[in-house]
Protein chains: 2
Amino acid sequence: MGVKIDGIDKIIINRLIEDARTPILSIAREVGISGAAIHQRLRKLEVSKLIAGSQLMLDPKVLGYTTTAFVGIFLESASMYASAIKRLKNIPEVVESHYTTGNWAIFIKILCKNNTDLMHLLNHDIQRIKGVARTETFISLDQQINRQIKV
Amino acid sequence: MGVKIDGIDKIIINRLIEDARTPILSIAREVGISGAAIHQRLRKLEVSKLIAGSQLMLDPKVLGYTTTAFVGIFLESASMYASAIKRLKNIPEVVESHYTTGNWAIFIKILCKNNTDLMHLLNHDIQRIKGVARTETFISLDQQINRQIKV
DNA sequence: TTTGAAATGCCACCGGC
DNA sequence: GCCGGTGGCATTTCAAA
């Protein structure tokens, strides 16, 4: 993991984490080097794969997705993992899926419009996936932290 | 929640979710309307708050953060929630925190460099937060889905 | 790694439809 | 809602140090 990052790189990264469309020249003026230099540093950071891309962030609430929930899924056998994931990928409300140690085999994060939709998603979409034995659901009532790891 | 989005808006959004720095004019050429029109649509979507911003995405693995874990936290009493969150905010490895129904009061997502760091984080940083009674940890061995809600 | 300069391309704002 | 035009910037590349 030989990626070395100095203070200027940190400023560049932090400005672009706040707003990925910040003009490079405005960062250049802030740190006091030329735009070309910023540009080359960015390319280096991309080549190193530290920068994985940039994303427009949507607010799910504006689309009506007001409920966030986590669901732990018990599988009948570990061998059903791959096929279960395939099915989960087809459910748009599933925004994260992990294979975890501990209680469950699969652990997912989902967004729903309301509790009726959540119930429908659980009973109709998730519970009916082949291999799914049982689920445990935790509804997020409040999210206080949502950030990236710091450089 | 009166935000109506047509096919062109969807294309704009999806292109910018893939790469937030995509030039507006290249989207304009793709959909066959002028850059000015794309620009106006984007402004409308920003005003509607559907677009919450844009972010540079870092790859935590390149920084050495190879372990993702979820930790359920039991609190001695719900009244310690606010102060516990305050302490969690000071732990950079904590990237998400939720107040959840079900077993735990607080549910967090953390990134660590390895299992030793994870243990240290749990025993030294998290367990010692005032009000934290007990924790349950789930390590993610594999993440197969990571996306935003679709428009 | 940095710089300035140059070519190219983009953005953001109009007035008008 | 969309367009074309425009002036001012931004991006990208290059040779040079």
Side-chain angles (χ1 to χ4, degrees), chain A residues 1-65 147-151, chain B residues 1-65 147-151:
Chain A
M1 303 288 113
V3 54
K4 59 177 198 292
I5 292 172
D6 67 10
I8 292 179
D9 292 323
K10 287 189 189 175
I11 295 174
I12 298 170
I13 289 171
N14 285 325
R15 293 284 263 106
L16 292 173
I17 282 182
E18 280 166 28
D19 178 0
R21 288 186 76 94
T22 309
I24 285 172
L25 282 185
S26 101
I27 302 174
R29 285 188 291 266
E30 179 180 342
V31 304
I33 66 178
S34 74
I38 304 279
H39 186 250
Q40 283 179 355
R41 281 166 176 268
L42 269 175
R43 280 216 342 117
K44 210 183 46 190
L45 292 169
E46 277 160 15
V47 168
S48 80
K49 304 277 189 217
L50 204 213
I51 294 180
S54 63
Q55 284 193 1
L56 193 74
M57 306 305 289
L58 303 185
D59 182 349
K61 286 196 291 296
V62 176
L63 292 170
Y65 291 89
R147 62 191 177 194
Q148 292 195 49
I149 203 75
K150 254 192 66 219
V151 287
Chain B
M1 302 283 111
V3 55
K4 61 177 196 292
I5 292 173
D6 66 10
I8 292 179
D9 291 323
K10 285 188 190 176
I11 295 174
I12 299 171
I13 288 171
N14 285 325
R15 294 282 265 105
L16 292 174
I17 281 182
E18 279 166 30
D19 179 359
R21 289 186 77 93
T22 308
I24 286 171
L25 283 184
S26 101
I27 303 174
R29 285 187 292 265
E30 179 181 341
V31 304
I33 64 177
S34 74
I38 303 281
H39 187 250
Q40 284 173 357
R41 282 166 174 268
L42 268 176
R43 280 217 343 117
K44 209 184 46 191
L45 292 170
E46 276 160 15
V47 168
S48 80
K49 303 279 188 215
L50 205 212
I51 294 180
S54 63
Q55 283 194 1
L56 193 72
M57 306 305 289
L58 303 185
D59 182 350
K61 285 195 291 295
V62 177
L63 292 170
Y65 291 88
R147 63 190 175 194
Q148 293 196 48
I149 203 75
K150 256 192 66 220
V151 286

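Naming convention: chains lettered A, B, ... in sequence-line order (proteins, then strands); numbering from 1 in each chain.
If you check every strand for non-hydrogen atoms under 4.0 Å, B:I24 touches sugar and phosphate atoms only. As judged by a 4.0 angstrom heavy-atom cut-off over every strand, B:A37 is placed among residues touching the sugar-phosphate backbone only.
Phosphate proximity of D:dG1 to B:R43: absent, as no side-chain N or O sits under 4.0 Å from OP1 or OP2. Residue B:R21 places at least one side-chain N or O closer than 4.0 Å to OP1 or OP2 of D:dT11. For B:R41, no side-chain nitrogen or oxygen approaches OP1 or OP2 of C:dA12 to under 4.0 Å.
In this structure, the CG atom of A:D19 is 14 Å from the P atom of D:dA10, given to the nearest Å. Rounded to whole Å, the distance from CG on A:L42 to C1' on D:dA10 is 14 Å. In this structure, the CD1 atom of B:I27 is 15 Å from the C1' atom of C:dA12, given to the nearest Å. One interatomic measurement links the two molecules: CD1 of B:I38 to C1' of D:dG1, which rounds to 12 Å at whole-angstrom precision. Atom P of nucleotide D:dG1 and atom CG of B:D6 are separated by 8 Å, given to the nearest angstrom. Between the CG atom of B:L25 and the P atom of D:dG5 there is a distance of 14 Å, given to the nearest Å.
Taking every side-chain heavy atom of A:Q40 into account, C:dT3 is the closest of C:dC11, C:dT3, D:dT12. Closest to the side chain of A:H39, from the set C:dC11, D:dG4, D:dT13, is D:dT13. The side chain of A:I33 sits closest to C:dT2 out of C:dT2, C:dC10, D:dA10. Among D:dC3, C:dG4, C:dC11, the nucleotide with an atom closest to any side-chain atom of A:A36 is C:dG4.
Taking the side chain as every heavy atom from C-beta outward, A:L16 and A:I51 never approach each other to under 4.5 Å. B:I5 has its side chain within reach of B:L50: a pair of non-hydrogen atoms, C-beta onward, lies under 4.5 Å apart.
Residues A:T22 and B:G35 both approach DNA chain D. Their nearest nucleotides, taken by heavy-atom distance, put B:G35 toward the 5′ side. A residue-by-residue look at B:G32 and A:R29 shows that B:G32 has its nearest nucleotide of DNA chain D further toward the 5' end.
No donor-acceptor distance shorter than 3.5 angstrom exists from the side chain of B:R21 to the backbone of A:G53, with no hydrogens or angles considered.
Atom CZ of A:R43 has 12 or fewer neighbouring heavy atoms from other residues, nucleotides or ligands inside a 6.0 Å radius.
Annotation for A:Q148 and B:L56: closest pair NE2-O, 2.8 Å, computed over non-hydrogen atoms.
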